[in-house]
Amino acid sequence: MTGLAVDDAAWSSAWRRRSPGDKLLLCGGLVGCALVLPAWPGSVLVGLVAVGLALGPARVPARTFGRAVRLPLAFVTVGALTAVVSVSGDGLGWAPDAASRAASLLGHSVAGGAAVLLLATTTPMSDLLPALRRLRVPAAVVEVASVVYRLLFVLLQSLRTIREAQTARMGHSSLRRSYRSTGVLAAAVLTRSWDRARRMQEGLAGRGMETGLRVLPEVLPSSRAFLATSVTGLAGIVAASVLVP
Amino acid sequence: MSHRHLTAEALVAGYERGRPVLDGASLTVPAGRRLAVLGANGSGKTTLLRCLSGALRPAAGTVALDGVPLEHSRRGLRAHRQEVQLVLQDPDDQLFSASVAQDVSFGPLNLGLPEDDVRARVAEALALLAVDSLAARPTHQLSFGERKRVAIAGAVAMRPCVLLLDEPTAGLDPSAVAETLAALARLQEHDSTVVMSTHDVDLALRWADEVAVVVDRAVVQGEPQDVLGDDGLLVRARLERPWTLTVGARLRDLGLLTGPSLPRDAAGLLAALPEHPGVLS
Amino acid sequence: MSHRHLTAEALVAGYERGRPVLDGASLTVPAGRRLAVLGANGSGKTTLLRCLSGALRPAAGTVALDGVPLEHSRRGLRAHRQEVQLVLQDPDDQLFSASVAQDVSFGPLNLGLPEDDVRARVAEALALLAVDSLAARPTHQLSFGERKRVAIAGAVAMRPCVLLLDEPTAGLDPSAVAETLAALARLQEHDSTVVMSTHDVDLALRWADEVAVVVDRAVVQGEPQDVLGDDGLLVRARLERPWTLTVGARLRDLGLLTGPSLPRDAAGLLAALPEHPGVLS
Amino acid sequence: MHIAEGFLPAGHAVGWTVAAAPFVVHGARAVVKEVRENPESTLLLGAAGAFTFVLSAIKLPSVTGSSSHPTGTGAGAILFRPPVMALLGTVVLLFQALLLAHGGLTTLGANAFAFAVVGPWVGYGTYRLTRWLGGGLLPGVFAGMVLADLATYVTTSLQLALAFPDATTGLAGAAAKFLGVFALTQIPLAIGEGLLGVLLFRVLTVN
């Protein structure tokens, strides 16, 4: 079954049955620290904690986490370099503290990314989306997002299979053909998505759909111990960053 | 749940390029029993099931539950759906949630049941279809056969009196077919009527109590061995003769089979053969 | 076209949640003959076919054509695809164009052939698959069985030496299955090798010259009656025993069957039975 | 390309969230209203969102061999209109941030402003303008998608410039830098996305 590595990890992680609210608090706190605290030692601590928790108690596969953490690096490196290069009438140069500024940017970003990745690899989207209701997001929007989550895997699979079928018949053997085939591919996926929505309308009408896609929320109880440890840990990171020069 | 009689009378429905797929089709669904609806692809099996479930409004003719005609009003359809549920051939047409348990809860919630009842029904449906172990997995990770059973669970959770299944075994390998049939058997301990459409004549012969063949835009209904032994009908319907009837008939001509009627499956055939060579009638 | 030998050696491929679906799978496709690849859903049949066609690059092991290993370079794959074509299970994954003729011309056009050659190949492919009457029709108007045959025509128009088909009869009613098998027979008059994957053991027994069962992440290959008569293998592979072998074995024990080997289909079984009662060995 | 997690300073992250909020809320209201009137539209909107997500997963063939992905905002804006795209685009961004590590949660506001607000409006506006000036469907689609793509990248570049003014030349210099690195290099890819749109709509209108 094709899927996305992060999503697979979320469904089988050891922290799957923890309350999404608990995990949001922890990861939200970590991201906040990564952003607000100075890169040293704040971001470094956040990064270590996030990676440590992911590979340790949450039992996220190292390969998945490692790959995903590297994905934003291209943007971050280019962005950081662009920020610290200085242009003037005389040409290019380096801004003062270029190295430390760039390192700082890198640190904030990698740490923040790791913190969010901890959330993403331990909490499936279908657990997170209902949590949005608590942020006053309307039910209709949450339901639409849930359908997006269900359908995107179906369409991704179609994308891969159709492209493979096109490649087998040499549809991508030259640049021109590849473009034409890609256009056809996009059209095929769009047609599939419309078709699927239309068929689901009838299928769900038969199951009594009238005003919405209401489902029974899953019971994922919160853990006082988890919350307490998280808050303590976050406080520790803040304290360390404030105290260490 | 008490038995309810579902009938269709003189249906005209399913227009394709100007002509109706069904024209004068009538059917009586035997309460509490197993009915197989047979026909070639495109013959109108799905159209018939959709008319029976209320999903499709026929151009003429009536569908009735216990003699009361189905009204295609909001109220009428809602009442009908509580008794008659249709599981479509493609499970992805009915599975909208990434979570298996949440998807199955959709139907009971739409019936307006309180949360505890819904939870109980979901657990019961998942167990009946033997998909309770999948409740923690997302829908998109399940195999085709597993998704088919989750879709059936979604319908079963509404506790309909009549369960209609459109080609429930299409695309399934032999072990998955066996699991599905076992699940349907468990269901029928709870007194429901099961109707399945298929083009697999051997399956129909061994599973069904009654058989209805969709042919020439209408329906011919009867006992499995009668209907499926009628060669003229099978040719018109573009179906094959079940092998047990063919081989059984020949063995009976050779005087080798005991028993009043021809066997309906391999086990029955082997059982009706003599134990040792040399024993002939 | 000359016969080409397609082989797979010790394939490791198809990772799903960390484990490979195939581990040490080897297969020899007999040139110019019919090979059925059997296995339960999820066993690795599709993965095996995708490795053989070059669509999937195995993590370990080799695929070779006439002993020359397949290189997963642009050039290597291009050459391979001209000899080996795979038709997927869902025709809608392969039909992109507005009309049938347009779709079948996709492959030959991409090969860079001149227009006249393309036209000729399209006509030939449509005729072989008996869909020439549908040439101008839009693909979405065709029935499922017709679309499956158009998808096969699209691959055939590339004139591959080896044609791989993933579950070509899945979802087809008996008459459509017969049409597809007839089309494949016409193809083989042109000297091609046909490999089909299926979980229908009866079909495999009556159609194939050789059978390969995908079981326990590897492949067991052999003569149909040997492989499909091996009960231990069938149980491990989650397949059923073909009914002709079961019934045939019993009839042979009763001394009723003539002939050296067990029959492979209903016609063979009936032919091997005595004409009149009372004739026993 | 979305701004990665943690890359924007806190103040800017909050500021852009505030800037994008009214548009996203307006889009959410439109969705709620639509769903109330037609409950089945939940499924259509969900399919639209899933398509936009998957569209950005398509690899655009390129001469250099390196792959790039369409933003998808232009096609979405023309197919589904900008107000709904503000909401759908934000949902897609959320999924991309969590499932693909593309973009971020703290940068969701900034990315939404570029990808779900500016991009779609520029794309849709260009499309309508082109048609009003007499162009057909396909030229309209081409212009709309190219400019939607470019507008998204220009906005992102300016957001970065605002956050990281140049040491010597300040905002203007930073703008020049980031535009040069992100937007200028994007031009051939934006044209590629426009071509993709033309092909996509051509297939759709023929069938």
Side-chain angles (χ1 to χ4, degrees), chain A residues 4 6-7 31 34-36 68 71-72 75-76 78-79 82-83 85-88 95-96 105 108-109 111-113 116-117 120 125 138 140-141 143-145 147-149 151-152 155-156 159 172 175 178-180 182-187 189-190 193-194 196-197 200-201 209-213, chain D residues 1 3-7 9-10 13 28 31-32 35-36 39-40 42-51 53-55 57-58 60-61 63 87-88 91-92 94-95 97-102 104-106 160 164 166-169 173-174 176-178 181 195-196 198-200 202-204 207:
Chain A
L4 298 168
V6 169
D7 182 73
V31 168
L35 199 57
V36 169
L71 288 170
F75 171 86
V76 173
V78 172
T82 314
V85 158
S86 126
V87 283
S88 61
L105 265 176
H108 287 306
S109 198
V116 167
L117 197 59
M125 290 300 298
V141 172
E143 284 169 14
V144 168
V147 174
V148 172
Y149 182 58
L151 288 182
L152 71 87
L155 294 181
L156 270 179
L159 187 76
H172 291 270
L175 191 70
S178 191
Y179 251 103
R180 199 135 15 112
T182 308
V184 169
L185 177 63
V189 174
L190 180 62
S193 65
W194 271 334
R196 179 60 61 193
M200 278 172 72
Q201 278 177 3
M209 173 174 176
E210 290 194 1
T211 52
L213 291 174
Chain D
M1 201 141 245
I3 304 179
E5 187 68 78
F7 198 78
V31 165
V32 169
V35 166
R36 198 183 15 245
E40 314 88 40
T42 310
L43 298 165
L44 284 165
L45 289 166
F51 171 70
F53 180 93
V54 170
L55 187 62
I58 290 184
L60 279 177
V63 188
L87 193 279
L88 280 184
V91 169
V92 170
L94 179 69
F95 280 87
L98 289 169
L99 293 176
L100 305 176
H102 189 203
L105 295 181
T106 56
L160 291 169
F164 306 110
D166 187 87
T168 36
T169 41
K177 274 190 301 181
F178 283 108
V181 168
L195 287 174
L196 178 69
V198 168
L199 292 163
L200 166 63
R202 185 145 49 144
V203 173
L204 289 179
N207 285 6

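All heavy atoms count here, side chains included; hydrogens, waters and symmetry mates do not. Letters A, B, ... are given to chains in the order of the sequence lines, protein chains preceding strands, and every chain is numbered from 1.
Counting heavy-atom pairs under 4.5 Å between each of D:A28, D:A48, D:A10, D:A176 and chain A puts D:A10 at the top. Most heavy-atom pairs under 4.5 Å with chain D, from the set A:G79, A:S109, A:G183: that is A:S109. Interface summary for chain D: among A:G112, A:P138, A:A120, A:A186, the most heavy-atom pairs under 4.5 angstrom belong to A:A186. For the set A:L71, A:V76, A:L105, the count of heavy-atom pairs under 4.5 angstrom toward chain D peaks at A:L105. In terms of non-hydrogen atom pairs under 4.5 Å with chain D, the most contact-rich of A:L151, A:V184, A:L117, A:L185 is A:L151. Of the residues considered (A:V144, A:T82, A:V6), A:T82 shows the highest number of contacts with chain D, using heavy-atom pairs under 4.5 Å. Per-residue heavy-atom pair counts under 4.5 Å with chain A were compared for D:P9, D:A174, D:A47, D:G173, and the maximum is reached by D:A47. Among D:F164, D:F178, D:F95, the residue making the largest number of heavy-atom pairs under 4.5 Å with chain A is D:F95. Among A:A83, A:G212, A:G113, the residue making the largest number of heavy-atom pairs under 4.5 Å with chain D is A:A83. Taking D:L44, D:V35, D:V31 one by one and counting their heavy-atom pairs under 4.5 Å with chain A, the maximum is reached by D:L44.
Neither the backbone nor the side chain of A:A34 comes within contact range of chain D; no heavy atom of the residue lies under 4.5 Å from a heavy atom of that chain. Only the side chain of D:L88 comes within contact range of chain A, with heavy atoms under 4.5 Å apart. For D:V54, the parts lying near chain A are the backbone and the side chain together; criterion is any non-hydrogen pair under 4.5 Å. Interface residue A:M200: backbone and side-chain heavy atoms are both found under 4.5 Å from chain D. Contacts of A:V36 with chain D are made by side-chain atoms alone, with heavy-atom separations under 4.5 Å and no backbone atom involved. Residue D:T169 touches chain A through both its backbone and its side chain, counting heavy-atom pairs closer than 4.5 Å. Proximity to chain A (any heavy atom under 4.5 Å) is restricted, for D:L55, to the side chain, taken from C-beta onward. With a 4.5 Å cut-off on non-hydrogen atoms, A:V31 touches chain D through its side chain but not through its backbone. Contact annotation for D:L45: both backbone and side-chain heavy atoms come within less than 4.5 Å of a heavy atom of chain A. With a 4.5 angstrom heavy-atom cutoff, A:L155 touches chain D via backbone and side-chain atoms both. Within the 4.5 angstrom heavy-atom criterion, atoms from both the backbone and the side chain of D:F7 approach chain A.
Side chains of A:V78 and D:V181 form a contact here, defined as non-hydrogen atoms less than 4.5 Å apart. Put simply, the side chain of A:L190 does not reach to within 4.5 Å of the side chain of D:V203, judged on heavy atoms. When side chains are defined from C-beta on, D:L199 does not count as touching A:T182, because their heavy atoms never get closer than 4.5 Å. Using a 4.5 Å heavy-atom threshold, the side chains of A:V87 and D:T168 count as separate.
Scanning both residues, A:A145 and D:V91, for their nearest heavy atoms gives CB-CG1, 4.0 Å. For A:S86 against D:D166, the heavy-atom pair with the smallest separation is CA-OD1, 3.1 Å. In plain terms, the two heavy atoms of A:E210 and D:P39 that are nearest each other are O-CG, 3.0 Å.
The line from CG of D:L98 to OH of A:Y149 is 10.5 Å long, rounded to the nearest 0.5 Å. Atoms CG and OG, on D:L43 and A:S193 in that order, are 12.0 Å from each other to the nearest 0.5 Å.
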